[in-house]
Amino acid sequence: MNTAPKGIFVPLITPFHDDESIDFQSYKKVIDFQVENGVHGLLVGGTTGEYHVMSLEERKSLIKAGCEYAAGRVPVMAGVGCSTAQETIELANYAAECGAEWGLALPPYYHKTSEEGILAFFKEIAAKSNVGIVIYNYPGATGVTISPEMIYELSQEENIVSVKESADFGHLCEVVALTKDIENFTVFTGEEHFILPTFSIGGQGAFGILVNLLPKELVELYELIVEKGDINAARDLNRKLSSIYGLMEAEGNPYPGPVKAGMDLIGIKGGKVRKPLTQPTDEMKTQLKEELTKLGYEVKSLTEA
């Protein structure tokens, strides 16, 4: 049985060369930066990684490289969301062969199905996959809401071990309340703004675009509230980070452009986003530079980054 994930997971960005091919050398450096700063796990090939503008072969190459570069230092979750159960299972089992422990799976989208169809979709994936399945509830992107009651039912499947909640906070609260007594099932938030309150109400994990740029700070936030129970210090740190939280989605959501620009500013290649996404504005880069300076980072000039 696959163990449920917990802690701070980074939804990794994907650096590209100028011709938009994947820059694997820079990808390894991004992973090393995350591991060295204490993240508890990696999400390879998720939305922040721009999987939606990649071919299947590119997605596979990214999963394989992510597992190789992690080299057992931290566990790996792979983005395996596809339109059909069969495709999702095939990618999940490829990820398992590469060494991933979990697969993050979307519900069926575009041609919307019934609740019965969604339940059957996830149960089939769970039964036939060799990685633990993490439900991805992201109605803002998929147009599909997985109700708290459906998540509760799915949480009782042996190989469904977690949910990434990118709905509203009230929805997350209901999911935490319903699943709190389910053995080997965890609830993650997918939003920086909700990291502190999620842990406060009993959630067990968090993703955030910003982890790519500030892994040390967000791991510290986890440690303060979960391990040390120091809510006052956690609130102080959260206040310091609140302005930069908002910049992550100020020019669109989901959108990795700002976090990539921020990484360039501190000397870790983020690089450009892949078309049809557009690059972050100079105004955004200036705001990022100001916020990073406030946090004590030495940042490059905009012409150097």
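Since this is a predicted model, take the numbers as computed values, not measurements. The basis for the numbers below is simple: all heavy atoms, side chains too, and nothing from hydrogens, waters or symmetry mates. Throughout, numbering of the chain's residues begins at 1 and tracks the sequence.
- For residues 140-184, the ring-ring contact (aromatic ring centres under 6.0 Å, His included) pairs, not counting sequence neighbours, are F169-F194.
- Taking OG of S114 as the reference point, atom CD of E116 lies at 5.0 Å (rounded to 0.5 Å).
- The environment of K123 atom NZ is dense: over 12 non-hydrogen atoms of other residues, nucleotides or ligands sit within 6.0 angstrom.
- Listed by chain and number, the residues in a salt bridge (charged side-chain N to carboxylate O under 4.0 Å, His left out) with E68 amount to none (sequence neighbours excluded).
- Atom NZ of K64 is surrounded by 12 or fewer heavy atoms from other residues, nucleotides or ligands within 6.0 Å.
- One N or O on the side chain of E50 and one on the backbone of R274 form a donor-acceptor pair closer than 3.5 Å.
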Go through the steps to decide whether I133 and W102 satisfy the test side-chain contact (heavy atoms from CB on, under 4.5 Å), and finish with yes or no. CA-CA 6 Å; I133 296 300; W102 307 283; over 6 Å; no
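- Here the side chains of T189 and E165 are not in contact, with every heavy-atom distance at 4.5 Å or above.
- Using modelled atom types, one finds a donor on one side chain and an acceptor on the other under 3.5 Å when comparing N232 with R235.
- Hydrophobic clustering, with ILVMFWY side chains joined whenever heavy atoms are under 4.5 angstrom apart, keeps L12 apart from V53.
- Under the 3.5 Å distance criterion, the side-chain polar atoms of K6 are left unmatched by any main-chain donor or acceptor of G205.
- Under a 3.5 Å cut-off, the side chain of S162 and the backbone N or O of A4 do not form any donor-acceptor pair.
- Summarising the geometry of G202 relative to V176, their closest heavy-atom pair is C-CG1, 4.2 Å, with the distance given to 0.1 Å.
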Check the pair L172, I201 against side-chain contact (heavy atoms from CB on, under 4.5 Å), reporting the backbone distance first and the verdict last. CA-CA 10 Å; L172 184 149; I201 64 164; 3.7 Å; yes
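- Counting heavy-atom neighbours within 6.0 Å of K60 NZ, excluding the residue itself, gives a total above 12.
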I would like to know whether L295 and L214 meet side-chain contact (heavy atoms from CB on, under 4.5 Å); could you show each step before the answer? CA-CA 10 Å; L295 293 171; L214 301 178; 3.8 Å; yes
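- Listed for the D23 side chain is no donor-acceptor partner under 3.5 Å among the backbone atoms of H17.
- Looking at D264, its side chain does come within 3.5 Å of a backbone N or O of G270 through a donor-acceptor pair.
- Residues M77 and K164 have side chains not in contact (no heavy-atom distance under 4.5 Å, counting atoms from C-beta outward).
- Counting only distance, with no hydrogens or angles, the side chain of E20 and the backbone of K275 share a donor-acceptor pair below 3.5 Å.
- Here the side chain of S55 pairs a donor or acceptor atom with the backbone of E58 at under 3.5 angstrom.
- Between the N184 side chain and the N2 main chain, a donor and an acceptor come within less than 3.5 Å of each other.
- Looking at heavy atoms from C-beta onward, L62 lies in side-chain contact with Y27 at the 4.5 angstrom threshold.
- Between L56 atom CG and S61 atom OG the span is 10.0 Å, to the nearest 0.5 Å.
- Electrostatic pairing of D282 and K289 does not count as a salt bridge here, judged by no charged N lying under 4.0 Å from a carboxylate O.
- Between the Q204 side chain and the V187 main chain, a donor and an acceptor come within less than 3.5 Å of each other.
- P215 has its side chain out of reach of I8: every pair of non-hydrogen atoms, C-beta onward, lies at least 4.5 Å apart.
- Hydrophobic cluster membership differs between Y94 and Y51, with clusters built from Ile, Leu, Val, Met, Phe, Trp and Tyr side chains linked at under 4.5 angstrom.
- The neighbour count for E115 CD, taken as heavy atoms of other residues, nucleotides or ligands under 6.0 Å away, does not exceed 12.
- Here the shortest heavy-atom pairing between V259 and L213 reads CG2-CB, 3.8 Å.
- Between the CZ atom in R73 and the CD1 atom in I31 there is a gap of 8.0 Å [rounded to 0.5 Å].
- With respect to the salt-bridge test (charged N to carboxylate O, under 4.0 angstrom), the residues K240 and D236 do not qualify.
- With rounding to the nearest 0.5 Å, the separation of CG in L218 from CD in E192 is 7.0 Å.
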Any chance you could lay out the side-chain contact (heavy atoms from CB on, under 4.5 Å) test for L224 and F199, step after step, and finish with the verdict? CA-CA 10 Å; L224 285 170; F199 290 129; over 6 Å; no
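- Residue P5 comes nearest to V161 through the heavy atom pair CD-CG2, 3.9 Å, listed as atom of the first residue, atom of the second, then distance.
- I195 is not listed as a side-chain neighbour of I225, based on a closest heavy-atom distance of 4.5 Å or more.
- Criterion: ILVMFWY side-chain heavy atoms under 4.5 Å apart, direct or through other members. Under it, V30 and V74 are part of a common hydrophobic cluster.
- With contacts defined as side-chain heavy-atom distances shorter than 4.5 Å, the pair I160/S155 does not qualify.
- Note: F207 and F188 have tilted aromatic rings, judged against thresholds of 30 and 60 degrees for the angle between ring planes.
- A donor-acceptor contact under 3.5 angstrom links the side chains of E90 and Q86, judged on distance only.
- By the 6.0 Å contact criterion, CD on E87 is enclosed, its count of non-hydrogen atoms from other residues, nucleotides or ligands being greater than 12.
- Scanning both residues, L288 and G262, for their nearest heavy atoms gives CD1-N, 3.9 Å.
- Looking at I63 and L91, their side chains come closer than 4.5 Å, going by heavy atoms from C-beta outward.
- Grouping the Ile, Leu, Val, Met, Phe, Trp and Tyr side chains by contacts below 4.5 angstrom, directly or via other members, places F121 with V131.
- Applying side chain to side chain contact (heavy atoms under 4.5 Å, CB included) to F33 and the options V39, I266, N212 leaves one that passes, I266.
- The line from OH of Y222 to CG of L196 is 13.5 Å long, rounded to the nearest 0.5 Å.
- A distance of 4.0 Å separates CG of N93 from CG of N130, quoted to the nearest 0.5 Å.
- Both I118 and Y138 are assigned to one and the same hydrophobic cluster, defined by single-linkage of ILVMFWY side chains at heavy-atom distances under 4.5 Å.
- In the displayed structure, E227 atom CD is contacted under 6.0 Å by more than 12 heavy atoms of other residues, nucleotides or ligands.
- Judged purely by atom type and a 3.5 angstrom limit, K269 has no side-chain atom pairing as donor or acceptor with the backbone of Q25.
- In this structure the side chain of V134 never reaches within 4.5 angstrom of the side chain of Y136, judged on heavy atoms.
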